[in-house]
There are 4 protein chains.
Amino acid sequence: MDEPGERRLKVAVVGASGYTGSELVRILLGHPQAEFALLTAGSNAGRCFSELHPQFRGVVDTVLADNTALADAELDYIFLALPHRVSMDFVAGHDLERTPVIDLSGDFRLADAATYEDWYEHAHSCPALLDSAAYGMSELNRERIRDARLVANPGCYPTSAILPLTPLLSAGLIETVGIIIDSKSGVSGAGNKPKPNLHFPQLHGNFSAYGLATHRHTPEIEQALGRAAGGDVALQFTPHLLPVSRGILSTIYARPKHGVDQQAIDDALAEAYSTEQFIRLRKAPPSLADVRGSNFCDIHAKLDGRSGNLIIVSAIDNLVKGAAGQAVQNMNIMAGLPEGSGLGQVALSP
Amino acid sequence: MDEPGERRLKVAVVGASGYTGSELVRILLGHPQAEFALLTAGSNAGRCFSELHPQFRGVVDTVLADNTALADAELDYIFLALPHRVSMDFVAGHDLERTPVIDLSGDFRLADAATYEDWYEHAHSCPALLDSAAYGMSELNRERIRDARLVANPGCYPTSAILPLTPLLSAGLIETVGIIIDSKSGVSGAGNKPKPNLHFPQLHGNFSAYGLATHRHTPEIEQALGRAAGGDVALQFTPHLLPVSRGILSTIYARPKHGVDQQAIDDALAEAYSTEQFIRLRKAPPSLADVRGSNFCDIHAKLDGRSGNLIIVSAIDNLVKGAAGQAVQNMNIMAGLPEGSGLGQVALSP
Amino acid sequence: MDEPGERRLKVAVVGASGYTGSELVRILLGHPQAEFALLTAGSNAGRCFSELHPQFRGVVDTVLADNTALADAELDYIFLALPHRVSMDFVAGHDLERTPVIDLSGDFRLADAATYEDWYEHAHSCPALLDSAAYGMSELNRERIRDARLVANPGCYPTSAILPLTPLLSAGLIETVGIIIDSKSGVSGAGNKPKPNLHFPQLHGNFSAYGLATHRHTPEIEQALGRAAGGDVALQFTPHLLPVSRGILSTIYARPKHGVDQQAIDDALAEAYSTEQFIRLRKAPPSLADVRGSNFCDIHAKLDGRSGNLIIVSAIDNLVKGAAGQAVQNMNIMAGLPEGSGLGQVALSP
Amino acid sequence: MDEPGERRLKVAVVGASGYTGSELVRILLGHPQAEFALLTAGSNAGRCFSELHPQFRGVVDTVLADNTALADAELDYIFLALPHRVSMDFVAGHDLERTPVIDLSGDFRLADAATYEDWYEHAHSCPALLDSAAYGMSELNRERIRDARLVANPGCYPTSAILPLTPLLSAGLIETVGIIIDSKSGVSGAGNKPKPNLHFPQLHGNFSAYGLATHRHTPEIEQALGRAAGGDVALQFTPHLLPVSRGILSTIYARPKHGVDQQAIDDALAEAYSTEQFIRLRKAPPSLADVRGSNFCDIHAKLDGRSGNLIIVSAIDNLVKGAAGQAVQNMNIMAGLPEGSGLGQVALSP
């Protein structure tokens, strides 16, 4: 589908065994100006990609290489779909000047190495790179992403929270204290490794909260919102596990400043996002089905006159806008391509 | 299983076509001192109970009567499993002195007729009865329930919120402002009538918020918490629809008063509930599977030292502790029976 | 994405309120040589397409026309996503010479009007058209589809059964008696109209058979297999309702003729399908997730040496290969386009 | 609840960490004449039962013993909820004269050690005991169960197939060849150990067949049906994995002998089962929800006049009638108690 004469970008997906890796491949398959040139894996190297992900049978039967294959490959971009810690070690040994990296782990999202150590409970192996990593929230940080050699792709939960809150904090419409983010995620966010708490009979018909007060996405959200507010933001983030495969819905509570009304909220969101391709301001609360498989972030904001609270409901697909989709969006920005290239799918619903 | 010579209570279930009605029958089947003497229905009168609820085939093949049959029946208690509005009209025409009523609708839960009209959007047909109706939160209102002729069985969402918050407000440990109740319910709470938004393909793999700032359980919770606090309580209640059949999990945020620590919270909850048969104080957040099919309310409370917020997670089965189970518990209280009679089942899990 | 100077096909989707209608729109959105020029509805005419299907917000906000709008539209193809009976009445009043029709209902699938009346329990309104309608099983009937003005798009269950069985019957490898097709379908196959048996709490965690011995897809399958076998085929078809939104998995049992071994089965399937883009012959049984959202039909065949039975497992997405996807595939055939245009998506999994 | 002066049976559950173990405890909790005196585990010994199964918090907080504790315990019955192979080794070292055993594994179900070795792929450690083990299909083998010291509790799939087919084969109403059993099971049947194919995102919204032609329940079914028919029975058994936690629905196809009509089928089933407490002959196909959490086996049989096939649909809860419930039913038979003691629960539905 590419124009004759136009060179397609060559990309590698490092860590193609997992859900994020397979989602990157799914999106890149439909990308008109890019293609994957190399898929790598750790212990699964040597196996066929479509053996691990049978939905790709007959379409992507590529053998997974190990990471040494990267040395010889001519690549435009590398996507890292690795666990945190493994990811920073990869970057530490990689020449960013040769090939820019979009890292989907949490390793380069926090600007402060000490904060990283507090929440991830181990030291950072290349703190010197933290400054140069661009935080990859596409709509909010395009300028830095465009020129970055290392993009820290945002966490799934943070994406659902930072997108709606940033314009309101930037405009000074809500208080910086008392923000509560009650998030509910599908299970694919926890990865594809079997665990007792992710065993089907434990989750079917079930629902629970986890990581109360301790989830690592908390400082990531606080950092981004602090930048928006121009000062510290204190918030409560509570994740929950939904008995679905995909999607994050966050219900967010904030206190509007004195005199702020619904119109002011709507205006600030519209000013920030009305021309954005992947952000939809909704008049009714969105549902996960509206965004499943798509790169959209749907946002509804309602000021409750009775209680005085602002209630925001946002919905994303954790594997797309919350991971692989936003990563491709960032690559598009870096490469000077139309930002929506390869990302045109609407949700698969029902 | 009853003792020789002991008379079993005769009860009627009015509105046995719905989920609450069938759940009352399920529980009463295992009750050692009570039995249903009459099952009634509206448009389904004349049909077999087990035709509507095939799980009862061969066990309860009783024909559903219409409500005129109540006039001739000798009954000890009547359970009303009717929609609101229909319920108050029934009570208006019923002689409470003859037979006490446990009403599972919302019609008698709000003490103030004007508040009822505001939230239910129609007038109350028997406001004079509101004063005499006992709010049937079993653990918190036993004295009034014991002597009542009309018990307003609590709403499902309110049960999950009022039980954990009441001891903390009574003891003055948390602020009366800024309480946020983010609740997630299984679909059976919406009844058994097919609707577009409850159609299987709309909900499977899906999740959404609804009734933002407008749900009728809001004033019910505020009323109960106001009584506990001895003053007005302003709160935000947001319900969500989970893709499961049963269960409510509420995540509740409150501000502890100055100097209140985890121990004080734990002590207040323990003092209120450590001897309660159906309330379990949990060291980890409960999940819906822990309570499915049972009359338990499981509660976990965690004070986040970093944010200063108190986070409470509570779980109930909306059809049991949130409806039919608590109704039977209330009947036990009224009849002077052991409060747990017929309610001994643990959750069906997985 | 179309080439400069190339005209894009203009198509109408008649009946865009339902699941099949929205799926056609989803697929056409990504079609490089076609676009929808008109979306119509019955009682929903005048409403916005994306109001009914919120996943399309901001992408397809087209107002649904009523069917009178078809008279003035310049169209290349019309897709009918209507209930049976409504569909044949539409065709009866439509000029097929002006615009060819791809009908997704069951109205033109059976060549014999009497058989139609037996199974659909009402008379056919335009039996004279039955002869000219091409049965739209793309891989098996390309020649007729190419020149047809009326294509009867196959049923979802029949697609899953006819594709694997046809090559085996054509080659005389299996007996024409004793074929058993045990099929399991997601709920979207039953449409988007709420019904008591499709109410979420009735289906969640549940599973059942329905339509034993009476399902209308039975004669459709028998007709196609009879053509393949060159004689009557007697079969048993039993549908079941799975608690999932999408997908059909059929487990099929047949008796190989004397001397037929696994190799002969494999060879016949490979000969028929090894070059087909949308049929994947699998070495292990496929699962619904492998095909969800895609136009693939995955087939696994295993001859059990012990029992002598041939067991076939096939999987499709009922809304794609079983409906909208195959309809677009047929349009591509009719228009002389690459058969896979617009149909390149792999499954959304997990 | 027991009568004064009546001694309650003391039982042990060996292997209480798994789903079958916890289900035994759930049922025994409501048993009026029995109680568990000992719960044991392997690697989980020393942990609290309710830590593994939090639905039992506050109800069964017993510490799990290791199996050495059995030596000192005064027990009336031992339930073995162990994996096959582990189970027979336990029995080999146990004195059956001292305490009778009800074994829920597959180790003693096959009378022939060679058949066992063929399908389980290892030798049997105590083949001498196979003769004395009673096959625990309660309704069909009461006489042998009553006097047995070792009961081989049937497999879940076999229970769903043997119960409906036995009366028909015994009466000579159906052919002994060509029987097809297409079974669909909830995931709890695969145990509580996390595995990649049982990981939540792999199963949610998914469905697949497995174990084609090789499942170990095949010879168990053939053995029981052979006894009923008085000769060899050849059948095809295909299991599938449903995205639900509990329940097995089997769709069974058989060929009636010449002259057999619906009435003859109905009569044979009624003669066998009309007085049975746990078998319900249904006029419409049952669904999993009708039996979930109960000890019922629901059966529907329909002779399709057109095809000549008999179609049977049966439904059980795999953990109750398919495992723990039938085990307790067998204990009741052995102890001379009412056969339904402790098993009165109807399904939890919705």
Side-chain angles (χ1 to χ4, degrees), chain A residues 1-4 18-19 22-23 25-27 29-30 32 50-51 53-60 186-189 191-192 204-205 243-246 274 276-294 296 298 315 317 319-320 341 344-350, chain C residues 1-4 18-19 22-23 25-27 29-30 32 50-51 53-60 186-189 191-192 204-205 243-246 274 276-294 296 298 315 317 319-320 341 344-350:
Chain A
M1 281 179 235
D2 50 344
E3 302 296 306
Y19 290 147
S22 81
E23 197 68 1
V25 172
R26 183 180 73 82
I27 292 169
L29 269 181
S50 62
E51 184 190 343
H53 307 290
Q55 69 269 31
F56 290 95
R57 285 268 172 196
V59 182
V60 184
V187 183
S188 62
N192 71 348
H204 180 256
V244 308
S245 288
R246 282 176 181 249
S274 61
E276 287 293 345
Q277 176 176 3
F278 293 120
I279 299 190
R280 299 191 290 198
L281 302 176
R282 301 280 304 269
K283 291 202 163 61
S287 72
L288 292 188
D290 299 347
V291 299
R292 181 168 51 212
S294 83
F296 289 111
D298 281 15
D317 184 315
L319 292 178
V320 188
S341 273
Q345 291 191 14
V346 294
L348 194 71
S349 174
Chain C
M1 279 178 235
D2 49 344
E3 302 296 307
Y19 290 147
S22 80
E23 197 68 1
V25 172
R26 183 180 74 82
I27 293 169
L29 270 180
S50 63
E51 183 190 344
H53 307 290
Q55 69 269 32
F56 289 95
R57 286 265 173 200
V59 182
V60 185
V187 184
S188 62
N192 72 348
H204 181 257
V244 308
S245 288
R246 282 176 182 251
S274 61
E276 287 293 344
Q277 177 176 2
F278 294 121
I279 299 190
R280 300 191 290 199
L281 302 175
R282 302 280 305 270
K283 290 202 164 57
S287 71
L288 293 188
D290 299 348
V291 298
R292 182 169 49 213
S294 82
F296 288 112
D298 282 15
D317 184 315
L319 292 178
V320 188
S341 273
Q345 292 191 12
V346 295
L348 193 72
S349 172

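So that the names make sense, note that chain A is the first sequence line, chain B the second, and so on, each numbered from 1.
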Top contributor to chain A contacts, counting heavy-atom pairs under 4.5 Å, from Ser349(C), Ser245(C), Gly58(C): Ser349(C)

Any donor-acceptor pair under 3.5 Å from Gln55(A) side chain to Ala347(C) backbone: no

Taking every non-hydrogen atom, the tightest pair across Pro54(C) and Arg282(A): CB-NH2, 3.5 Å

Side chains of Arg246(C) and Leu348(A) in contact at under 4.5 Å (non-hydrogen atoms): yes

Arg57(A) CZ to Lys283(C) NZ distance, which is reported to the nearest 0.5 Å: 8.0 Å

Side chain / backbone / both / neither for Gln277(C) at chain A, heavy atoms under 4.5 Å: neither

Contacting region of Arg280(C) [heavy-atom separation from chain A under 4.5 Å]: side chain

Interface moiety of Tyr19(C) toward chain A, non-hydrogen atoms closer than 4.5 Å: side chain

Chain A contact via Val59(C) - which portion, at a heavy-atom distance below 4.5 Å: side chain

Heavy-atom pair of closest approach, residues Pro350(C) and Ser188(A): CG-CB, 4.0 Å

Per-residue contact mode, Ser22(C) against chain A (heavy atom under 4.5 angstrom): side chain

